[in-house]
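In what follows, residues are counted from 1 in the order of the sequence shown.
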Amino acid sequence: MAQLNEHASETDCWIAVDGMVLDVTSFLDAHPGGRKILLKEGGKDATKKFKMFHGPNVLKKYKKKLAIGVIEGSAAHKAIGKDSKTKAESRTSKLKDHLFVQPPPAKLQYKPFGELVPWGDPSWYQGNNSPFYTESHIKFRKRCREFMEREIAPNVHEWDESYSFPKEIFKKFYDAGLLPAIVGPPWESKLSGLAPPEGGFDSFHELIIIDELARCGSGGVCWALFAGISIGLPPILHFGSEEMKQRVGAACLRAEKFICLAITEPWAGSDVANIRTTARREGDFYIINGVKKWITNGIWSDYFTVAVRTGGPGARGISMVLVERERPGVSCRHMKCMGMWPSGTTYITFEDVKVPVSNLIGVENQGFKQIMFNFNHERWSLVCQSNRLARVLFEESFQYAMKRRTFGKSLMDHQVIRFKLAEMARLIDSTHAWTELVTYQLLTMTRKEQNQKLGGTIALLKAQSSKVMEYCAREAAQIFGGASFVRGGVGEKIERLYREVRGYAIPGGSEEILEDFAIRQAQKSVLKKQKKQQGKSSK
């Protein structure tokens with residue numbers, strides 16, 4: 001500390017945060033709050049004041065540029081050479097001889113991982129046991145977190161404010177060996193040119209990557225990075241011709257080209273069966289006319305997986321067609337929305353667009369089945385995102401309540417604040433448990449079984465997750481107060497996610513539509529069983 005105290009001038013200014021010494025001399029003029037604030041803390045431990053006005057990502061962002069050492073005896077100093085033996089391992093060792101039932105194998109003794117804020121991560125991150133995760137998942141989680149913290153988290157505010165997302169991030173995503181994970185199992189080794197994670201790839205790997213990426217605290221960044229390919233490419237991979245898979249699938253999975261799903265129209269959102277965009281057959285071509293609205297990633301996509309009407313009214317007249325962006329008659333306009341700013345929301349117009357019949361995905365007039373086939377995966381992905389974003393809201397609120405003081409005591413010492421946090425944790429963890437259970441069904445059921453059994457359940461789970469996120473956004477804003485009303489600063493994530501709630505409550509099927517759908521499906525199932533029983537009893 002004595003050495004730190006000597007550096008407190010305009011030409012030589014150091015501060016300490018959490019035991020890390022930062023040389024902020026070159027940063028004085030760049031500091032958003034002005035140079036005087038930093039100079040006032042020069043030569044001191046500024047941890048408390050830093051945390052009052054900044055989130056942890058600020059320190060991560062500038063650490064490489066400004067960090068020059070650590071204070072001896074501090075937590076940062078101890079962390080440099082700490083014993084690798086974890087608390088979980090020590091606990092298991094002590095308990096082993098006293099248990100009548102032997103503990104799970106050593107490889108399933110999960111080591112604590114992450115920030116370790118209670119309920120700030122899923123249960124197995126906290127060192128608790130789980131039947132779902134293997135050593136492969138543990139290693140994959142580490143890769144995902146490292147990518148997110150290195151390439152995504154430091155840039156979220158900049159991308160959000162600029163309504164943009166740099167294409168080079170997709171290449172970095174691919175180079176990290178992660179891009180194919182986002183379209184779900186099975187892993188496309190041949191098309192992507194990448195090997196799957198060690199030990200294989202399943203639905204829990206996909207849950208992990210979505211969950212980890214959503215830790216950035218921006219639904220818009222999540223959608224920018226993977227929404228287009230995760231819902232636009234599967235119809236081609238599952239129903240497209242071999243030529244189409246090789247031409248389009250390989251390019252998209254290698255981050256050379258970009259794709260999105262184009263279904264929603266100004267007059268047809270959840271009511272998919274009533275889309276109006278037409279594809280009229282003329283010889284070996286379709287002539288496409290119509291508009292699509294709220295299309296995620298459309299502004300930078302090279303390919304559109306488009307729902308069109310090739311037959312009569314209703315679901316039985318819909319087909320799916322691949323449309324290349326460069327075809328004459330295709331025009332795109334960037335839409336500015338309430339939230340999801342970096343995601344490239346787009347209004348697309350098709351005017352006499354001529355595409356070859358070979359661009360038909362699957363069978364003509366069978367497109368509605370493809371859309372429904374795709375919906376379970378899309379909705380499940382939205383669940384994984386929104387529940388992690390709810391965790392972000394909880395984690396930020398918990399940490400803020402620990403350091404913010406009002407009326408002579410910390411926010412955490414106010415009973416009403418503890419109640420808010422308890423309610424948030426209760427809702428988040430129960431929703432995640434349900435998500436893991438559904439993920440296990442995705443892992444163990446065939447696609448046909450999934451479509452028959454999980455449609456209503458995933459619909460209810462999506463409604464649950466968006467309502468939990470909305471509740472957490474509201475309560476987090478109350479805990480942060482005025483800080484949640486400002487773009488940037490300590491409440492940045494709260495302000496952003498409050499705007500983005502509707503992006504999870506409406507797309508993929510609104511809460512009202514999904515809840516009604518789930519009960520109608522249940523009613524239909526019961527009536528079918530009753531009819532079957534009546535048939536048996538009449539014989």
Side-chain angles (χ1 to χ4, degrees), residues 51 55-57 87-88 110-133 141 145 204 207-208 210-219 222 382-406 409-439 460-481 483-484 490-498 500-501 504-505 511:
K51 289 185 175 181
N57 283 334
K87 290 181 180 178
Y110 303 110
K111 299 175 183 178
F113 180 84
E115 302 296 328
L116 299 184
V117 173
W119 303 287
D121 277 308
S123 175
W124 68 292
Y125 285 50
Q126 310 281 342
N128 297 323
N129 295 323
S130 169
F132 301 124
Y133 303 98
R141 175 183 64 182
R145 178 156 295 200
F204 281 99
L207 167 58
I208 288 168
I210 296 170
D211 187 71
E212 282 294 323
L213 291 173
R215 285 186 65 253
C216 72
S218 170
C222 288
L382 290 169
V383 167
C384 299
Q385 294 169 50
S386 59
N387 205 51
R388 169 53 89 167
L389 293 173
R391 277 196 198 278
V392 170
L393 290 160
F394 169 82
E395 186 175 8
E396 292 287 310
S397 299
F398 189 99
Q399 291 177 322
Y400 186 71
M402 291 290 288
K403 65 187 180 184
R404 171 70 167 157
R405 296 185 65 81
T406 60
K409 58 183 177 180
S410 73
L411 275 183
M412 191 64 85
D413 287 334
H414 294 276
Q415 186 180 30
V416 68
I417 299 299
R418 297 196 300 272
F419 174 78
K420 289 177 184 292
L421 292 168
E423 285 292 280
M424 292 163 77
R426 176 178 66 82
L427 291 168
I428 292 164
D429 250 26
S430 58
T431 303
H432 191 81
W434 191 4
T435 303
E436 288 182 321
L437 180 61
V438 168
T439 304
L460 289 179
L461 179 55
K462 181 184 178 294
Q464 163 85 0
S465 65
S466 59
K467 288 184 177 184
V468 169
M469 181 183 173
E470 181 166 18
Y471 177 84
C472 291
R474 195 259 181 203
E475 295 300 87
Q478 292 303 108
I479 291 171
F480 272 78
S484 71
V490 71
E492 173 189 334
K493 291 179 183 178
I494 314 304
E495 184 275 331
R496 181 191 304 121
L497 292 175
Y498 196 96
E500 293 185 338
V501 168
Y504 289 95
E511 292 169 351

- Item | side chain to side chain contact (heavy atoms under 4.5 Å, CB included) partners of E495, counting only residues at least two apart | R487, R499
- Message: Less than 4.5 Å apart, side chain to side chain, heavy atoms only: is that true for K420 and I479?
- Response: yes
- Task: For the pair Q478 (side chain) and A473 (backbone), establish whether a donor and an acceptor sit closer than 3.5 Å, ignoring hydrogens and angles.
- Result: no
- Straight-line distance of F480 CZ to R404 CZ, nearest 0.5 Å: 10.5 Å
- Message: Within the structure provided, determine whether Y133 and E436 are in side-chain contact (heavy-atom separation under 4.5 Å).
- Response: yes
- Got a salt bridge between E470 and K467, using NZ or NE/NH1/NH2 to carboxylate O under 4.0 Å? no
- More than 12 heavy atoms of other residues, nucleotides or ligands under 6.0 Å from OH of Y400: is that the case? yes
- Query: What distance separates L389 CG from L497 CG, expressed to the nearest 0.5 Å?
  - Reply: 5.5 Å
- Item | Pairing of D429 and R391 as salt bridge, 4.0 angstrom limit | yes
- Message: With a 4.0 Å cut-off on N to O distance, would you call E500 and R496 a salt bridge?
- Response: no
- Within a reach of under 6.0 Å around CH2 of W124, are more than 12 heavy atoms found that belong to other residues, nucleotides or ligands? yes
- Item | Pair D121 + R141, salt bridge at N-O below 4.0 Å | no
- Does any non-hydrogen side-chain atom of T435 lie less than 4.5 Å from one of C384? yes
- Scan side-chain atoms only and decide if E475 and S397 contain a donor-acceptor pair under the 3.5 Å cut-off. no
- Just wondering, do L461 and T431 contact through their side chains at under 4.5 Å, heavy atoms? yes
- Between S130 and Y110, is any pair of side-chain heavy atoms under 4.5 Å apart? yes
- Message: Using 0.5 Å steps for rounding, measure from the CG atom of L411 to the CZ atom of R418.
- Response: 11.5 Å
- Compare every heavy atom of S484 with every heavy atom of I494, then report the nearest pair and how far apart it is. CG2-CB, 3.7 Å
- Query: Under 3.5 Å, is there a donor-acceptor pair between the side chain of R215 and the main chain of V392?
  - Reply: no
- Query: Going from CZ on R388 to SG on C222, what distance comes out if it is rounded to the nearest 0.5 angstrom?
  - Reply: 10.5 Å
- Query: Taking all atoms of both residues into account, what is the closest heavy-atom pair of I428 and A390, and its distance?
  - Reply: CD1-O, 3.4 Å
- Query: Would N387 and S465 count as having a side-chain donor-acceptor pair, cut-off 3.5 Å?
  - Reply: no
- How far does CD of Q385 sit from CG of D211, to the nearest 0.5 angstrom? 10.5 Å
- Determine whether the side chains of E511 and Y504 contain a donor N or O and an acceptor N or O closer than 3.5 Å. no
- Give, for atom CG of L213 and atom CZ of R145, the distance between the pair rounded to the nearest 0.5 Å. 11.0 Å
- Message: Evaluate H432 against S123 for side chain to side chain donor-acceptor pair (under 3.5 Å), listing each step before the verdict.
- Response: CA-CA 9 Å; H432 191 81; S123 175; over 6 Å; no
- Item | Worked check of side-chain contact (heavy atoms from CB on, under 4.5 Å) between L460 and W434 | CA-CA 11 Å; L460 289 179; W434 191 4; 3.8 Å; yes
- For W119 and Q126, the nearest pair of non-hydrogen atoms, with its separation, is N-NE2, 3.8 Å
